[in-house]
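Along the sequence shown, residues carry numbers from 1. Note that this is a predicted model, so its numbers are computed, not measured.
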Amino acid sequence: ANYTYRWYDAAAGGNLLATGTTFTTGDLQTSTTYYLEAAAATGCVSPRRAITVSVTPLPEAPLAADQNICAGEQATLAVANQAGNLTYRWYDQGGTLLATGTSFTTQALNSNTVFYVEAATAGTPSCVSGRTAVAVNVAARPATPLADDRAICAGSPAALAVKGLVPGLTYQWYTVASGGMPVHTGSAYTTPALTSDRTYYLQAAIHCEKPVALRE
């Protein structure tokens with residue numbers, strides 16, 4: 001209590017930065033050494049002690065591409081500028097930690113949603129980058145398309161057509177209820193000549209990041 005503490009920027013001489021038992025530096029970008037001495041009321045002064053503040057550079061902010069999906073799908077977000085010595089953390093708009101890793105798969109989404117990702121160094125202190133916003137843009141699914149059944153005579157083709165065309169949609173015709181390859185793309189389809197009952201399936205697709213469709 002009967003000593004005065006003085007902080008300097010050099011081991012001898014230098015600039016007196018502060019007086020007191022504590023000293024808060026300015027913002028630092030590189031490691032910096034400060035020097036502390038104690039002075040008695042008699043005027044006697046101790047040798048200066050070096051105190052080094054080691055500065056860890058902030059990690060580069062992550063880069064992650066926005067994603068386009070259709071309603072009800074999941075989106076997989078990934079860090080493009082990955083560094084092996086960093087930890088990546090993903091957050092929702094409320095700041096809740098959702099996942100840790102270079103990629104993150106969302107839950108199924110039905111509306112546009114923004115997520116955030118940050119990079120953190122290992123060790124102590126753990127230095128953290130600014131957070132990068134990553135948007136998932138959700139497109140509405142098209143309504144289930146309609147087409148009337150047809151009755152034909154054996155050996156004749158059937159002319160099938162979409163009812164209530166919607167601009168911007170792609171219509172595809174299948175012979176199976178799921179999977180498979182379309183036998184025709186377009187709003188109308190004329191089947192081969194048929195000699196027995198046959199069921200076709202019509203799909204309407206809107207172009208998202210990944211093809212998505214509804215069938216009936």
(message) If I compare all heavy atoms of Ala119 with all of Pro62, which pair ends up nearest, and what's the gap?
(response) N-CG, 3.7 Å
(request) Linking directly or through intermediates, with side-chain heavy atoms under 4.5 Å: list the remaining ILVMFWY members grouped with Leu36, chain and number order. (result) Tyr3, Tyr5, Trp7, Leu17, Phe23, Leu28, Tyr34, Ile51, Val53, Val55
(request) Please list all pairs passing the salt bridge (Lys or Arg N to Asp or Glu O under 4.0 Å) test where one or both residues lie in residues 151-169, with sequence neighbours left out. (result) Asp148-Lys163
(message) Going by side chain to side chain contact (heavy atoms under 4.5 Å, CB included), name the residues that satisfy it together with Asp27, two or more places apart in sequence or in a different chain.
(response) none
(request) Would you name the heavy atoms of Val114 and Ala133 that are closest together and state the gap between them? (result) CG1-CB, 3.9 Å
(message) Quick check: closest heavy atoms across Leu146 and Leu202, and the distance to 0.1 Å?
(response) O-CD2, 3.9 Å
(message) Can you pull out every salt bridge (Lys or Arg N to Asp or Glu O under 4.0 Å) where at least one residue sits in residues 98-120? Sequence neighbours excluded, please.
(response) Arg89-Glu118, Glu118-Arg131
(request) Nearest 0.5 Å please: distance from the CG atom of Asp92 over to the OG1 atom of Thr106. (result) 12.0 Å
(request) Please determine, by modelled atom types, if Thr52 and Thr33 share a side-chain donor-acceptor pair under 3.5 angstrom. (result) yes
(request) Linking directly or through intermediates, with side-chain heavy atoms under 4.5 Å: list the remaining ILVMFWY members grouped with Met181, chain and number order. (result) none
(request) Could you tell me whether the side chain of Arg141 and the main chain of Ala71 form a donor-acceptor pair under 3.5 Å? (result) yes
(request) I would like to know whether Phe115 and Phe104 meet ring pair (Phe, Tyr, Trp, His ring centres under 6.0 Å); could you show each step before the answer? (result) CA-CA 10 Å; Phe115 298 91; Phe104 163 57; 5.5 Å; yes
(message) Among residues at least two apart in sequence or on other chains, which ones pass salt bridge (charged side-chain N to carboxylate O under 4.0 Å, His left out) with Glu60?
(response) none
(request) Fit a plane to each ring of His184 and Tyr189, take the angle between them on a 0 to 90° scale, and name the class: parallel (under 30°), tilted (30 to 60°) or perpendicular (over 60°). (result) parallel
(request) Report yes or no: do Thr56 and Thr121 form a side-chain donor-acceptor pair below 3.5 Å? (result) no
